[in-house]
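Here's the structure we're looking at; comments come further down.
Hydrogens, waters and symmetry mates play no part in the numbers below; they use all other heavy atoms, side chains included. Position 1 is the first residue of the sequence, and the numbers go up from there.
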Amino acid sequence: MGRYLLRRLLQLVPVFIGTTFMIYALVWAVPGDPFAGKCGERRCPDQYIAFMTEKYHLDQNVFVQYANYMKNLLQGDFGQTFSQREISDIILTSYPNTLKLALVALAIEAVIGLGAGVLTGLRRNGFLDNLVLVSTLFLIALPVFVVGFVLQWLLGVQWGIIKPTVSSEMRLSELIVPGFVLGSASVAYIARVARTSIAENRRADYVRTAIAKGLPMRRVVGVHLLRNSLIPVVTLLGTDLGALMGGAIVTEGIFGINGIGRQVFRAIVTKESATVVGIVVVLVLVYLVMNLLVDLLYAALDPRIRYE
């Protein structure tokens, strides 16, 4: 296991460099004047443009710019915005809010999606199975912003069950509805994947053997069937954390959450490329770490998997 972990960590290095370079090159290669709108309606002075160009190495090719960026990044320096604000401060301020929202969404996905998948996988072609299939298809078909606006209007405006916007304290009770909105499509996918996996493994020989030995059905499902059926679900949940944080722009906008999704949107509008790159670099790290953790969980779930 130690050798495998070391090998995987070494594999993350070229993946991280390749993905971050692509992001950096795409963001900085976008056509347009990076100083447009930075000085109000008038054009920025030439001295300001020359100073900022030299400071951010905008007059050099993308490879030199990326090398300088990575050198600073390894020292914990994400750079500054054009307004001289530290990007690391923006990330530290907004990232915990998005992470909290994403974790709530992930928990909702696991509880609702896995629960619905297990129930329907054990009792296929019944009323509950058809209800879950129709409901999940409905959630997949609806865009996130539609689900968000409908729930906000019904639960917050019409019925007054929740506050239409989340407060700055980010209490757990306030994040349940936004978390469901953010993870609504993933809930549907996890329910369908869990249903299929449970149904397939239920016909496996080891399940028949466990039933023939007279084990209680609860033990057969909880210890034998569910454990092996969780592998595709864990894969979805593990890779979904980064996707949830990256796709939180709409949800954070609807419920007024000051997270990295809103910061990315502002940075794109104001052409703060350094901010976009810094936030996306953090998301890439989350993706890579979660993929590594998912691979390690495989061995814990399935004893037949061994890493050397």
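In this structure, CD1 on Ile257 lies 13.0 Å from CD1 on Ile249, to the nearest 0.5 angstrom. Summarising the geometry, atom CZ belonging to Phe180 is positioned 6.5 Å from atom CG belonging to Leu151; distances are rounded to the nearest 0.5 Å. Taken to the nearest 0.5 Å, the CD1 atom of Ile260 stands 12.5 Å off from the OG1 atom of Thr93. To the nearest 0.5 Å, atoms CG (Leu114) and CD (Glu109) are separated by 11.5 Å. Arg171 CZ to Lys163 NZ: the interatomic distance, rounded to the nearest 0.5 Å, is 5.0 Å. Taken from CD1 in Ile87 to OG1 in Thr275, the straight-line distance is 4.0 Å, to the nearest 0.5 Å.
Under the 4.5 Å side-chain contact rule for hydrophobic residues, Ile140 and Val187 do not share a cluster. Residues Leu99 and Leu92 do not share a hydrophobic cluster, clusters being chains of Ile/Leu/Val/Met/Phe/Trp/Tyr side chains in contact below 4.5 Å. In the hydrophobic clustering of ILVMFWY residues, with side-chain heavy atoms under 4.5 Å counting as a link, Met70 and Leu12 come out together. Grouping the Ile, Leu, Val, Met, Phe, Trp and Tyr side chains by contacts below 4.5 angstrom, directly or via other members, places Val13 with Val286. Phe127 and Ile198 fall into different hydrophobic clusters, defined by Ile, Leu, Val, Met, Phe, Trp and Tyr side-chain heavy atoms under 4.5 Å apart, directly or through other members.
Considering all non-hydrogen atoms of both residues, Gly179 and Leu101 come closest at N-CD1, 3.7 Å. In this structure, Gly79 and Asp77 approach most closely via the heavy-atom pair N-OD1, 2.9 Å. Here the closest heavy-atom approach between residue Leu244 and residue Ala105 is recorded as CD1-CB, 4.0 Å. Listed here is the closest heavy atom pair of Leu182 and Ala102: CD2-CA, 4.3 Å. Here the closest non-hydrogen pair linking Thr98 and Gly259 is OG1-CA, 3.1 Å.
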* Worked verdict on Val282 versus Phe78 for side chain to side chain contact (heavy atoms under 4.5 Å, CB included) -> CA-CA 10 Å; Val282 175; Phe78 283 83; 4.0 Å; yes
* Verdict with supporting geometry, Leu133 and Leu137, side chain to side chain contact (heavy atoms under 4.5 Å, CB included) -> CA-CA 6 Å; Leu133 288 177; Leu137 184 62; over 6 Å; no
* **Criterion side chain to side chain contact (heavy atoms under 4.5 Å, CB included) on Leu172 and Val104, from CA distance to verdict** => CA-CA 8 Å; Leu172 179 61; Val104 171; 3.7 Å; yes
* To do: For the pair Thr20 and Tyr69, evaluate side chain to side chain contact (heavy atoms under 4.5 Å, CB included) and give the outcome as yes or no after the intermediate values.
  => CA-CA 10 Å; Thr20 52; Tyr69 180 80; over 6 Å; no
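Side-chain atoms of Asp89 never come within 3.5 Å of backbone atoms of Arg85 as a donor-acceptor pair (strictly under, hydrogens ignored). Without hydrogens or angle criteria, Glu174 side chain to Val166 main chain gives no donor-acceptor distance under 3.5 Å. In this structure, Ser135 contributes its side chain and Leu131 its backbone to a donor-acceptor pair below 3.5 Å. Remark: side-chain polar atoms of Gln158 are not paired, donor with acceptor, to backbone N or O of Trp153 under 3.5 angstrom. Between the Asn201 side chain and the Ser197 main chain, a donor and an acceptor come within less than 3.5 Å of each other. Distance alone, capped at 3.5 Å, places no donor-acceptor pair between the Thr251 side chain and the Ala248 backbone.
The side-chain heavy atoms of Leu288 and Val15, taken from C-beta on, include a pair separated by under 4.5 Å. You'll find the side chain of Val181 reaches within 4.5 Å of the side chain of Phe255, heavy atoms only. You'll find the side chain of Leu9 reaches within 4.5 Å of the side chain of Leu292, heavy atoms only.
For CZ of Phe16, the number of neighbouring non-hydrogen atoms (other residues, nucleotides, ligands) closer than 6.0 Å is greater than 12.
Each of Val233, Asp240, Val234 was scored for a side chain to side chain contact (heavy atoms under 4.5 Å, CB included) with Leu237, with one residue passing: Val233.
Defined by atom type and a distance below 3.5 Å, a donor-acceptor pair is present between the side-chain atoms of Asn258 and Gln263.
Salt bridge annotation for Asp129-Arg195: present, with a cationic side-chain nitrogen under 4.0 angstrom from a carboxylate oxygen.
Residues passing the ring pair (Phe, Tyr, Trp, His ring centres under 6.0 Å) test with Tyr66, sequence neighbours excluded: Phe21, Tyr24.
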